[in-house]
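Presented below is the structure to which this report refers.
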Amino acid sequence: MEYNPKAIEAKWQKYWQENQIYKVENDTEKPKFYVLDMFPYPSGAGLHVGHPLGYIATDIFARYKKMKGYNVLHPMGFDSFGLPAEQYAIETGQHPAITTAQNIETFKAQMAKIGFNHDLTREIRTSEPAYYQWTQWIFQQIFNAWFNNTTQKAERIETLIAIFEKEGNLQVNAPCDEDTPVFTANEWNHKSEDEKYALLLKYRLTYLADSIVNWCPALGTVLANDEIKDGLSERGGHPVERKKMKQWMMRITAYAERLLQNLEHLDWSEAIKDMQRNWIGKSIGCEVNFSLENKKHILTAFTTRLDTIFGVSYLVLAPEHEVIAALTTPDQKDTVEKYVQWAKNRSERERQAEVKTVSGVFTGSYALNPFNQEKIPIWVADYVLAGYGTGVVMGVPSSDDRDFRFAKHFNLPIRCVIEGSEAMENPTEKKYGKMINSDFLNGLDTPEAIQKAVEFAEKNQLGKAKINYKIRDAVFSRQRYWGEPVPVYFKNNMPYLVDEKDLPLILPEIDEYKPTAEGEAPLGRATSWKYKDQYAYELTTMPGWAGSSWYFLRYADPKNEQTFADKNATNYWNQVDLYVGGAEHAVGHLLYSRFWTNFLHDLGHIDFQEPFKKMINQGMIQGESALIYRLKNENTYVSADLKDQYETTELHVTVKALEANNTINTEELKQWRPEDYQEAKFIYSDEGKFYANTRVEKLSKRYYNAVNPDDVIEKYSADTLRLYEMFLGPLEQSKPWSMQGIDGTYRFLKKLWNLYHDEKQDFAINNEPAPAEAHKILHQTIKKVTDDIERLSFNTVVSHLMICVNKLTELKTKQFEILEPLVRLIAPYTPHIAEELWAKMGHVNSIHHAQFPEYNPQYLQESSYEYPISINGKTRTKMTFSNETPAQEIEATVLADAAVMKWTEGKTPKKIIIVPKKIINIVL
RNA sequence: AGCGAUGUAGCUCAGUUGGAUAGAGCGGGAGAUUGAGGCUCUUUAGGACACUGGUUCAAGUCCAGUCAUUGCUACCA
């Protein structure tokens, strides 16, 4: 029988499903291994060839680990709440639940064809009440907790109440709202229940806040900072503006230090860790107080370089700073008000586009440098951000690039405080060194000077050491319908949790998926939706990242109705051992997941802090777009090599029409868009071909360059697709998808098949002993393949397998003792063809439950070695020596050799280097 | 601007701790097969390993610098 992938693949996929080959049990003696992909959002467009890249890699790894004797958890599910389904619902009136379910079916059908070994009985969907019940439950745990800075752990709110009752809040070291008053135990104990409740709200790890949010009018929702790119929404690219709204917030800032410290123990790429470090943005510095000339106000600035305090020549306030009006002098009032107004109205986008432009105004007031009482002007400028530090910056033009630009522009004095920078045109190029012009700091080196300056400030109460983080609390509210309802209701204007026994709080039905006429979130349309028939529910829903922040825990115990996951199950499966997904989630999903997992650990719900032990980011698969050229104002198209002779317009066309050498199959074009191309004229090149140009860009609907894996499987086979996606290049690297090389992998599978069959395509393997050469090839390959899979180098494995099959074909290997291990070696990559060959060899159990072949070094050992003889580092000849030959004897023999003597020309070698089993080098 | 990654055949990539004449697949050339094309088979060409300098008996591999491409962050004081 010839290699017939269609029949084979359908047969085995059915068999695997019917016999539940991939079902995983929690109770076993085997060591566990947890391999996870970032679960997909089921979009309407279905999978394109970019999606499976990571899935195939994890699938191979999971299969490999299983064959190595591990109990492997390798599940798949769907992140099924989200914006596109809702956008579609707004347009068509279709309930998002319906379209989402349809999309999931499409995804599942596509994935099934690729032959993944997911345990489908563990599938989860974040939009199912049985799942989001626990998302809501976790929200409630976070609501009922505060963060103890002293222990660096979250605790239940009851422990905070106990402290308040005993000693008030003076000694409590916990993140809380800025307006939290100080009170004694006595004061606390005399407060009403409502007053106590209101105070506790200031400490909870999720809280309501009037905050300036990124409001996107086009999407009708609030976006988190990481959902915005260049001032536009990441989804859809709509403008974003700043707006004040009451929002649920997550106090992720409480975990800033933990999230930073824990990174050290994670096996993630440095790039992603760095992105998280940057996002958390820890800076160690000092707050320093500048009193005003009139002593009425104190301005506190944050700096990491207090050592440069003697170089301060002005202060700058953020345009949003409240004190501006109070300290603006009458003659500057107009200018300052105008500037502040202008700065506030500038969109995020404009600001970012004009980073280099300097702007600012003088307030007319002066402050005093606390270290030397020098009078310095106070300015307002938009290069100072209200949200970071104190919104006040001490301007040191000689040590900071931005301060330097500012001072130059407005002619403010520049005083150098670092030795060697005085003569420089731009003194900020030398930021570290010995201090000068700095009173008691003179002569000290930077680190020492910083320490001295901070000590001085603290001793004289001019300031205090402080650590700042860039990370902000995360906005948790979305003005949307298709998300988890926040399990909160309001009584006397205060938020209360829905009783745990009333969860899940089901998403109500509404007539339209838009905000109400009054501008309330869509859930405001559910007018009779009330808790206990009287209390209004929270109307915003949770953000996309809520459900995905804990899904990896649910897979351990997906059907549990009593808890989010039984602790025995989470203890057994524990952390994800290998997590694979795109780098675009570097700071969003990956940070929030870490936050929630750390939190659940603090409250004792799970026994580990970090969710993902090892993580790999697969590169993006880019597309190759096909571009053709249409004559201006005519329905005529010209081959790309001739386009310069005409006036043309460039058009994207479907890549399905693209064939070898960038030629276009015009018939395919006509089929694709008959209305455009059926009647069109084509101007062919001289050879009678019609050429297109190609360009590598993002896989996108708009460029018609998305390739559906179904089509690839239809034309070749699932095994070919799997092998080819791995062969494309290193997993972590971005690379363009192109069909150019896929024939090679398909041919490889046929070669593999032919190895097990004779010329008449009869299955033909024998039980004769194989020659040493065949053993050597096999075991060399086993070693390389094993090593490479272990270090996730999936592309090189394919190449090793190709070389191996080529060599065995050359040797006409037909022996069972070689070909039986070979098929096990290949099974993780191409499970279908492997299962078929395995069955043909007479096995009754699935190959995917077999053992991975073990490398036996014995087959690689040889008694002699053929040394390359190099003279002055250049190889000139070869000689074979037994491994037992002593070095002296080798040396003598080599020097006496005729070929060597020809090159040494009678000279006495200065040195002769013999590296056993490697090389012999003669230096003249 | 900062941080990271990459630079090897026309293209996509291997080349593990320095050690031989640097390898795979695709693509190109030639041939066999065919009425012709495709598939298949045989065969072949193609490489200052980005550049410069250093370490070494020996550098694609280690070190320093330069250049190019690319990703992320971006006024964070």
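Lettering of chains follows the sequences in order, A, B, ..., and the numbering in each one begins at 1.
- Using a 4.0 Å cut-off between charged nitrogen and carboxylate oxygen, A/D274 and A/R277 count as a salt-bridge pair.
- A cation-pi contact, defined as under 6.0 Å to the ring centre and within 45° of the axis, links A/K783 to A/Y855.
- Each of A/S283 and A/K751 was matched to the nucleotide of RNA chain B holding its nearest heavy atom; the match closer to the 5' end belongs to A/K751.
- Ring pair A/W342/A/Y339 is tilted by interplanar angle, where 30° to 60° counts as tilted.
- Base pairing of B/rC49 is not made with any nucleotide, judged by Watson-Crick or G-U wobble geometry with both donor-acceptor distances under 3.5 Å.
- Closest contact between the side chain of A/K750 and the listed nucleotides B/rG25, B/rU40, B/rA74 involves B/rU40.
- Between the NZ atom of A/K470 and the C1' atom of B/rA74 there is a distance of 8 Å, given to the nearest Å.
- Taking atom C1' on both B/rA59 and B/rU69, the two are 24 Å apart, rounded to the nearest angstrom.
- Atom CD of A/Q276 sits about 8.5 Å away from atom CG of A/L266, to the nearest 0.5 Å.
- Across every strand in view, B/rG28 sits in a pair with B/rU44 that passes the Watson-Crick or G-U test at under 3.5 angstrom.
- One interatomic measurement links the two molecules: NZ of A/K784 to P of B/rA24, which rounds to 11 Å at whole-angstrom precision.
- B/rA14 and B/rA22: their C1' atoms are spaced 10 Å apart (whole Å).
- Computed from coordinates, the A/L731 CG to B/rA14 C1' distance equals 16 Å when rounded to whole Å.
- Taking atom CZ of A/R305 as the reference point, atom P of B/rA77 lies 12 Å away to the nearest angstrom.
- Across every strand in view, B/rG19 sits in a pair with B/rC57 that passes the Watson-Crick or G-U test at under 3.5 angstrom.
- Atom name C1', nucleotides B/rG19 and B/rG53: the rounded distance is 23 Å, in whole Å.
- Under the Watson-Crick and G-U wobble criteria, each requiring two contacts below 3.5 Å, nucleotide B/rG71 is paired to B/rC3.
- In this structure, A/I913 reaches the bases: a heavy-atom distance under 4.0 Å links it to at least one base atom across the strands shown.
- With P as the reference atom, B/rA24 and B/rC63 are 29 Å apart, rounded to whole Å.
- Between A/E257 and A/K282, at least one side-chain nitrogen of the basic residue sits less than 4.0 Å from a carboxylate oxygen of the acidic one, meeting the salt-bridge criterion.
- Side chain of A/K6 to backbone of A/S717: no donor-acceptor contact under 3.5 angstrom is found.
- Ring centroid separation for the pair A/Y314 and A/F406 comes in under the 6.0 Å cut-off.
- With distances taken from any side-chain atom of A/N806 to the nucleotides B/rC72, B/rA24, B/rA77, the minimum falls on B/rA24.
- At a threshold of 4.0 angstrom between heavy atoms, the contacts of A/V384 include nucleobase atoms, whether or not backbone atoms are also involved.
- As the counterpart of B/rA9, no nucleotide is assigned, since no Watson-Crick or G-U wobble pattern has both distances under 3.5 Å.
- Of the listed nucleotides (B/rC41, B/rA77, B/rC13), B/rC13 has the atom at the smallest distance from the side chain of A/P730.
- Classification of B/rA48 as syn follows from a glycosidic angle within 90° of 0.
- When distances are taken from the side chain of A/R747 to each of B/rG27, B/rG15, B/rA58, the shortest belongs to B/rG27.
- B/rC13 sits 33 Å from B/rC57 when the C1' atoms are compared, rounded to a whole Å.
- Comparing the same atom, P, in B/rU8 and in B/rC62 gives a spacing of 16 Å after rounding to whole Å.
- Annotation: of the two residues near RNA chain B, A/H800 and A/Y383, the 5′-most nearest-nucleotide partner is A/H800.
- Among the heavy atoms of the strands lying under 4.0 Å from A/D274 are primed sugar atoms or P, OP1, OP2 only; no base atom is included.
- Of the candidates B/rA58, B/rC39, B/rG4, the closest approach to any side-chain atom of A/N921 belongs to B/rA58.
- Nucleotides B/rU17 and B/rU61, compared at atom C1', are 11 Å apart to the nearest Å.
- Atom pair A/D787:CG and B/rU17:C1' shows a separation of 13 Å (rounding to whole Å applied).
- Checking B/rC72, B/rG25, B/rA77 against the side-chain heavy atoms of A/F727 singles out B/rG25 as nearest.
- Rounded to an integer number of Å, the gap from A/N617 CG to B/rC72 C1' is 11 Å.
- Remark: the separation of the C1' atoms in B/rG7 and B/rU42 is 36 Å, to the nearest Å.
- Protein atom CG of A/N795 is 8 Å distant from nucleotide atom C1' of B/rA14, rounded to whole Å.
- Atoms OH (A/Y746) and C1' (B/rC39) sit 10 Å apart, rounded to a whole Å.
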